[in-house]
Trainee: 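Let me give you the structure first, and then I'll get to my questions.
Letters go in sequence order (proteins before strands), and every chain restarts at 1. Note that these values count all heavy atoms, side chains included, but never hydrogens, waters or copies made by symmetry.
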Amino acid sequence: MTLIRSISRRRFLATGTLGTAAALTTRGVEQLLAAEAQRQDKRVILLWLAGGASQLETWDPKPGRPTGGPFQAISTNVPGIQISELMPRMSRHLQHTAIIRSLNTKDGDHGGASRLMHLGRRDEPSVKFPDLGAIIARELGRSDSQVPDYVSFYTATEGRGTSLGQSGFLGARYNAMSLTQEQIPANLRRLEQISEMDHRARGQLRDAISEQFMRGRESSAAGSQREAYQRVPGLMASEKLFDPSSEPLSMRELYGETLFGQQTLVARRLVEAGVPFVKVSRAWWDSHGQNFETHLELVSELDQVLDALLTDLQQRGLLQRTLVITLSEFGRTPAINASLGRDHFATVWSCSLSGCGILGGSVYGKSDEDGNDVAEGPVGAGQLFATIFQALGIDHRKEYALGARPVPLTNPGSEPIKAVLA
Amino acid sequence: MVSRVVIGFLLCALAVSRAILAEEQPTAAGALPDPELTIAAAIDQQIGERLALAGFPPAPLATDLNLLRRIMLDLAGRIPTAREAREYGESNAPDKRRALIERLLESPEFVAHQVNVLDAFLMQSRRSNLRNYLELAVAENRSWDRMFREMIVGESGDDEQSGAIQFLRSRIGDIDRLTNDVSVLFFGVNISCAQCHDHPLVHDWTQDHFFGMKSFFHRCFENGGFVGEREYGELEYKTVAGESRKTGLMFLSGKQLPETEVSEPSEEQRKQEKAHLEELKKQKRPPPAASYSRRARLVEAGLESENASYFARAIVNRTWQRLIGRGLVSPVDQLHSGNPASHPELLDWLARDLIHHGYDLRRLIGGIVSSDTYARSGKWDSASRPPAELHAVAIMRPLLPQQYASSLALAAFDPEPLNSPDASKKIEARLQFGRGFADWFELPGDEFQVGSEESLLLSNSDRAARELFGDGGDTLVARLRSCADLSSAAELAAWNVFNRPLADSERQLLVEYLEQRKDRLPEGYRQMVWAMMTSAECRFNY
């Protein structure tokens, strides 16, 4: 039932009045733009804080307020911006970072909210939307790429079911290479029974007999099959990217010897090698009880990892073309419950964007004094996604055609937040 | 939220809308071919006329062996064995194709494959709860209208709700989705857009159409996992302008269905109903059937003569797409007046023929695969390839997961044991073994793309290496090792995997490959077999 085509082709078919040349020209321009976006080698690392990180213990502290909790706010290297004292290292990177403090996404259920923040819109019964990673893989990945387009780490079991990648109507070509228990993706390693030379040679034999067969035939699906096999050697060679042990000890220590730290280091290795989208998930932030102990531990870890990642990307000259996002499915209630916990809260919460295309040192939106409501500039999931696309030079209004139905990258009406864009 | 996007569409839609509105029912009488023609003859006449008009001669018919493979994949869900291929190739019987089609249509393999096809189509999954029903219904060759009725209303005597009603039961948690699924699958129209606003592109479909269709289902509810239906309740929805509106029962054609008005139950009656349902839940029993069922009204309305063409055209179009590679109307869920068929008279003729012959899908399938149009070669060697919708040349189709899995399972094994009298049992055992591989592959939608998950898996997974590309006792590779020379080994492999002899250039390529591995021939054979089984030829129906 699904059908993805260039929208200009659909319009051409629908009206039947456009000349072929006109339709092709539109399509050509689209392709040129897409090629341009790909040429710039832009990338995304999403740090997914599964379970719901507290905005009050990270990007939007409320010290001294009844809702503020025990932690203080600290100044950062950008005058006027304060963040939680749990993030002392991050406070040195605000010149590359925009904070959004006014997310209002309305869904306080882990499952639905997680889908929402992965898809940038609500699930619809009749359409399987691609998630952020799949769209980025399609828009920024190259068909001849020798590395994966989309890699996703999710080692914990909590919340994993609703956070796995979904390529939706874009099809299996844009599925995440997904790592759960394992640290290296399945089927990347050559079996011992075949030598490296024979492995390559049989792939070439496969291509050669397929090519003979395809003479006089035409099929884009067969073309995709050829590409899928031609990518095999490159994907296998990317196995080493998943091994952080080849990094110097000082680098591994910079990221911290935690799973999250080491996976983020791998994420940096992957983007450096050309992978357009990597998601690293850290669970489980769902602090209904003991919110402050939980956040002391998890935010401190996040602080180290973010500091390491931004420093590392900067030193390698990658930060200008790598967008680093921290995001959860929702935030946490300003009210502190009887178990000293904070509950699910989607009414006003925060996320951060650093690097590529972002106006550093900016803060968008405001929560009210106690953090109960948005005081200024409410932001929905669609707007956040439009902002992310824009930061990467991707037109968020671009449409995929699903049968006769046009599906824009973000729902109509979702405009990017210009104030945080460079 | 009138966005740029929607406005863009309205502009597009304006250009076409005027012309559309008239065309609804089958086109002007007299335009259709003779009802007495065979299905194949009607197809070839209509396709041929368009081709002549466009100035394209059709491609020649595919070779016998090509056609055997195509028909076997479509009717039995697997490639032929080497022996079946040789025998068919050698046979001089003038009507061997017809005999093959007739034999396959009566075979258990046809039933098994048709169940896979329908299950994928209706449930989008390989292990749904509808399979038991489908196995029974397809084996009996139940008519499509009866199957429709059974899936929507249920079968009499199915108190456990374990049969056809699984179609509805599995969707009962989401009536919007149920409404759209029924519209797409049985009537070929995707009205999901019209849920929130009148369809921006398609004049035929308004919010009333969506909610009119939803009205047939909105009295349905789930109770303890069972489907129930109330006898009261009206559906109201909000228009884009924010007004509340009731549609009542309305079919996709726009036809309103009158009903006698029912009063809403009193508080007391509601309480009683609730208590009764709670009781039934505890007893794990389904709610009693409604004495007046709106679902039943839908079936009735959908099948009555003035509307039946929607229902018939939708399944004809789907079947055509499956067997030919592209719907007469494409995409297949866009059967509306703004998206005309490539061959409107043919679609209408096939729909009428289906209705006249009691919605017999087996007959329709047999008719299509008997046509010359179906049998065209997929090769087009001269410069300008005609557009796909002219059907001058066959379209390559990716195999369904089960088709590829079954074909791999047959290709991987020694053909010799299949020369025995109990070959069919052995084939069945191998197909059974192959079923385990189906999960590896994605169900192809339109514009399907093979992902690197598949290529990595077949390249490097231990299980694939062991179970499909091994060299043990009953494998193809083991048999190749006993061949007299490299050339005959390559030839035997080609018969087993491709069901045809090798061309000289291919033989040269393969023998050269093997010669370079003379010091480690079993490995050379394994690699050759791997290359053949992962090739484009093995992955597609061509």
Trainee: Is chain A contacted by the side chain of B/W380, its backbone, both, or neither, given a heavy-atom distance below 4.5 Å?
Mentor: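 Its backbone and side chain both get close to chain A.
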Trainee: With no hydrogens and no angle check, is any side-chain donor or acceptor of A/E227 less than 3.5 Å from a backbone partner on B/V450?
Mentor: no
Trainee: Just so I know, are the side chains of A/H199 and B/N460 near enough to count as touching, which here means a heavy-atom distance under 4.5 Å?
Mentor: yes
Trainee: Heavy-atom cut-off 4.5 Å, strictly under: side chain, backbone, both or neither for B/R520 against chain A?
Mentor: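 The answer is the side chain of B/R520.
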Trainee: With a 4.5 Å cut-off on heavy-atom pairs, point out which of A/V232, A/D149, A/D198, A/N175 contacts chain B the most.
Mentor: A/D198
Trainee: Restricting to non-hydrogen atoms, name the atom on B/S455 and the atom on A/A228 that form the minimum distance, rounded to 0.1 Å.
Mentor: OG-O, 2.7 Å
Trainee: Just verifying a value: how many Å separate B/N190 CG and A/L402 CG, rounded to the nearest 0.5 Å?
Mentor: 8.0 Å
Trainee: Tell me the closest heavy-atom pair linking B/K379 and A/R215, and the distance in Å.
Mentor: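 B/K379 and A/R215 have their closest heavy atoms at NZ-O, 3.1 Å.
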Trainee: So for B/S377, is it side chain, backbone, both, or neither that comes closer than 4.5 Å to the heavy atoms of chain A?
Mentor: neither
Trainee: Sort A/R189 into side chain, backbone, both or neither according to what part of it lies under 4.5 angstrom from a heavy atom of chain B.
Mentor: backbone
Trainee: Hey, does A/Y229 have a side-chain heavy atom less than 4.5 Å from the side chain of B/S459?
Mentor: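 Answer yes - side chains close enough.
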Trainee: Return the option, out of A/M236, A/Q204, A/R190, with the maximum number of heavy-atom pairs under 4.5 Å with chain B.
Mentor: A/M236
Trainee: To check you understand the geometry: which heavy-atom pair defines the closest contact between A/S219 and B/M396, and what is its length?
Mentor: CB-SD, 3.8 Å
Trainee: Any side-chain heavy atom of A/R217 within less than 4.5 Å of one from B/F540?
Mentor: no
Trainee: Against chain B, label A/L205 side chain, backbone, both or neither, depending on which of its atoms sit under 4.5 Å from a heavy atom there.
Mentor: both
Trainee: I want to check something: taking the side chain as every heavy atom from C-beta on, are A/I194 and B/R526 in contact at a cut-off of under 4.5 Å?
Mentor: no
Trainee: Given the options A/M177, A/R226, A/Q230, A/M214, which has more heavy-atom pairs under 4.5 Å with chain B than any of the others?
Mentor: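 Heavy-atom pairs under 4.5 Å are most numerous for A/M214.
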Trainee: Tell me the closest heavy-atom pair linking A/S224 and B/Q449, and the distance in Å.
Mentor: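 That would be OG-CA, 3.3 Å.
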Trainee: Hey, would you say the A/F213 and B/F498 ring centroids sit under 6.0 Å apart?
Mentor: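 Centroid separation for A/F213 and B/F498: 6.0 Å or greater.
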Trainee: Any chance you could measure A/R231, atom CZ, to B/L456, atom CG, to the nearest 0.5 Å?
Mentor: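 It comes to 8.5 Å.
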Trainee: Considering only heavy atoms from C-beta outward, does the side chain of B/M532 approach that of A/I209 to under 4.5 Å?
Mentor: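 SC-SC contact between B/M532 and A/I209 confirmed.
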Trainee: For chain A, which of B/Q321, B/M533, B/R539 has the most heavy-atom pairs under 4.5 Å?
Mentor: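 Going by pairs under 4.5 Å, I would pick B/R539.
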Trainee: Can you tell me which portion of A/E211 sits under 4.5 Å from chain B's heavy atoms? Options are side chain, backbone, both or neither.
Mentor: neither
Trainee: Given side chains that start at C-beta, do those of B/V393 and A/E218 come closer than 4.5 Å, heavy atoms only?
Mentor: no
Trainee: Which bit of A/L188 is near chain B, if near means a heavy-atom gap under 4.5 Å: side chain, backbone, both or neither?
Mentor: both
Trainee: More than 12 heavy atoms of other residues, nucleotides or ligands under 6.0 Å from CD of B/Q516: is that the case?
Mentor: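 Yes.
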